[in-house]
Protein chains: 2
Amino acid sequence: MTDDLPHPLRSDALDNRQRVLAAARGLFAAEGVTVPMREIARHAGVGPATLYRRFPTKQALIAAAFAEEVRMCHAIVDEGLAEPDPWRGFRLVIEKICVLHARNRGFTEAFASAFPGAREFTSARERALAAVAELAERAKRAGHLRPDFVLDDLVLVLMANRGIRATTAAGQVAASRRFAALVLQALQAAPHHAPLPPAARLAPGAPGEPAGRGAVTGDARPRPWPSPRH
Amino acid sequence: MTDDLPHPLRSDALDNRQRVLAAARGLFAAEGVTVPMREIARHAGVGPATLYRRFPTKQALIAAAFAEEVRMCHAIVDEGLAEPDPWRGFRLVIEKICVLHARNRGFTEAFASAFPGAREFTSARERALAAVAELAERAKRAGHLRPDFVLDDLVLVLMANRGIRATTAAGQVAASRRFAALVLQALQAAPHHAPLPPAARLAPGAPGEPAGRGAVTGDARPRPWPSPRH
DNA sequence: ACGCTAACGGACGGCACCGTCCACTTAGCT
DNA sequence: AGCTAAGTGGACGGTGCCGTCCGTTAGCGT
């Protein structure tokens, strides 16, 4: 979070930087990453130029704002892997990740859509996926996870989870929790499953953002990718 | 679809109207309702004024464009209610509605978020919900649906379904189908359920659109509601 | 105490979209 | 064939956001 910078910042600069980060965290969590840069600046009590100097691109700001969440994500998968019972570990990871996403709308969006420059998120996601793959393998062998589970199902679940929206923050978490419980119920091995329809090629990190337009940059069409000009 | 209008349109006007509708259908389905009005006009080979004359507000265009889907929705719930086996009817409705939404991104958005002026959608949704409530009651009594299912769970599932995104149209349908199968697996009555976490107050038709900004009008913040000026 | 310079915020030009107005075109009736 | 009103598309003004420039402010080292 407070990674040391090339040259130490002046005290006011550092203060502003932290205010910007706090504002960004709050707004991203509540409204998603589509919140205008201006508003973050306004909310932090600084001018736009200040914000752009500290974080030359919105991606940089997003990455910095969600460093905490990325760490949580890593902690969760580590915790799951450490669990001796693989099915318990699997359940733990699914539920905790769902709740983590439910708590932070912006993080969900950033985590779901990977684009150049947000290595943090793609790597976090890859790591989470790898961990779940490992857990799934073990849980299948232990006979607790249904054998036709594929890793894409996790992506499916995470994408589905991001579609859930409640009126209040607490409600959001509660909804995700219930959803995760349902999913786990479905994924648990049972004596007789109805066979699942085949898995599909999903859009794990494609530019397919929640709503198409105005994903991060507030831009129009899903352009190739608008790398920051300079 | 081709509802008779107050005064019969001139032939060219009617032709244009239908071209606009076709373009809107295609673009809404593929890209969602956030597609700019201009682009629909361009795609239909008409000017913006023509489009705005036929459909003074974007809501009107959306409502007209999705009349077909609304009818399908009604047909689905009727079919489900007509089914003698309530669990079979329940499954049928869940799966078909998921697939219907998967086929049409714009409809999903319009259906999910109810706002003044889109009576068609809210009424369609209310009707679908009522039908599923009825089916659920019957299926519970028959012992096939888990007794702790609540109607909000359907909303939960539909919201979750809308979060799913695949790279291709076919993939989208396949993903939704698999998702629906998983959900139905979870909802099926079983000898021993883990108890579900409590249901939460969701945002059934709140302005909580898919991505917050630029939902329909391409507008900025979730304003109260930007009723079309005139 | 003082100056140097990093840091600040207001202002600017650009872009995309929206919804409306207006001078021309053209379908349909006599 | 000619008239007339419905219809059309291009142009316009407005809004919101973006990212950058520049004159001013105020930390910090001496």
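Note: hydrogens, waters and symmetry copies are ignored here, and every other heavy atom, side chains too, is used. Chain letters run A, B, ... following the sequence lines, proteins first and then strands; every chain starts at 1.
Side-chain N/O atoms of Arg42(B) include none lying less than 4.0 angstrom from OP1 or OP2 on dG9(D). For Asn16(A) and dC8(C), the shortest distance from a side-chain N or O to OP1 or OP2 is below 4.0 Å.
Atom CG of Asp15(A) and atom C1' of dG9(C) are 16 Å apart (whole Å). To the nearest angstrom, C1' of dT8(D) lies 12 Å from CZ of Arg19(B). In this structure, Arg54(B) places its CZ atom 16 Å from C1' of dG19(C), rounding to the nearest Å. Taking atom CG of residue Leu27(A) and atom P of nucleotide dC17(D), one finds them 13 Å apart after rounding to whole Å. In this structure, the CD atom of Glu39(B) is 8 Å from the P atom of dC17(C), given to the nearest Å. The NZ atom of Lys58(A) sits 8 Å away from the P atom of dG19(D) (whole-angstrom rounding). In this structure, Phe55(A) places its CZ atom 16 Å from P of dT20(D), rounding to the nearest Å.
Residues passing the salt bridge (Lys or Arg N to Asp or Glu O under 4.0 Å) test with Glu126(B), sequence neighbours excluded: none.
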**Study point:** Per-nucleotide protein contact string for nucleotides 22-30 of chain C (B base, S sugar-phosphate only, - none; heavy atom under 4.0 Å)
**Key:** ----BSS--
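Of all nucleotides listed (dC18(C), dT8(D), dG9(C)), dC18(C) comes nearest to the side chain of Met37(B). The side chain of Pro48(B) sits closest to dG10(D) out of dG7(D), dC18(C), dG10(D).
Between Phe121(A) and Phe66(A), the angle of the ring planes goes over 60°, which puts this pair in the perpendicular group of the 30/60° scheme.
Ion pairing between Asp78(B) and Arg71(B) fails under the 4.0 Å rule for side-chain N and carboxylate O.
Side-chain to base pairing of Arg38(B) with dG19(C): one donor and one acceptor N or O lie within less than 3.5 Å of each other.
Considering Leu151(A), Leu81(A), Val77(A) as possible partners of Val132(A), the one that fulfils the side chain to side chain contact (heavy atoms under 4.5 Å, CB included) test is Leu151(A). Among Glu69(A), Gln172(A), Glu109(A), the one residue that satisfies the side-chain hydrogen bond (donor to acceptor under 3.5 Å, both in side chains) test with Asn104(A) is Glu69(A).
Counting non-hydrogen atoms of neighbouring residues, nucleotides and ligands closer than 6.0 angstrom, the CZ atom of Arg103(B) reaches no more than 12 such neighbours.
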Got a list of side-chain donor-acceptor pairs under 3.5 Å for residues 41-53 of chain A, not counting sequence neighbours?
none

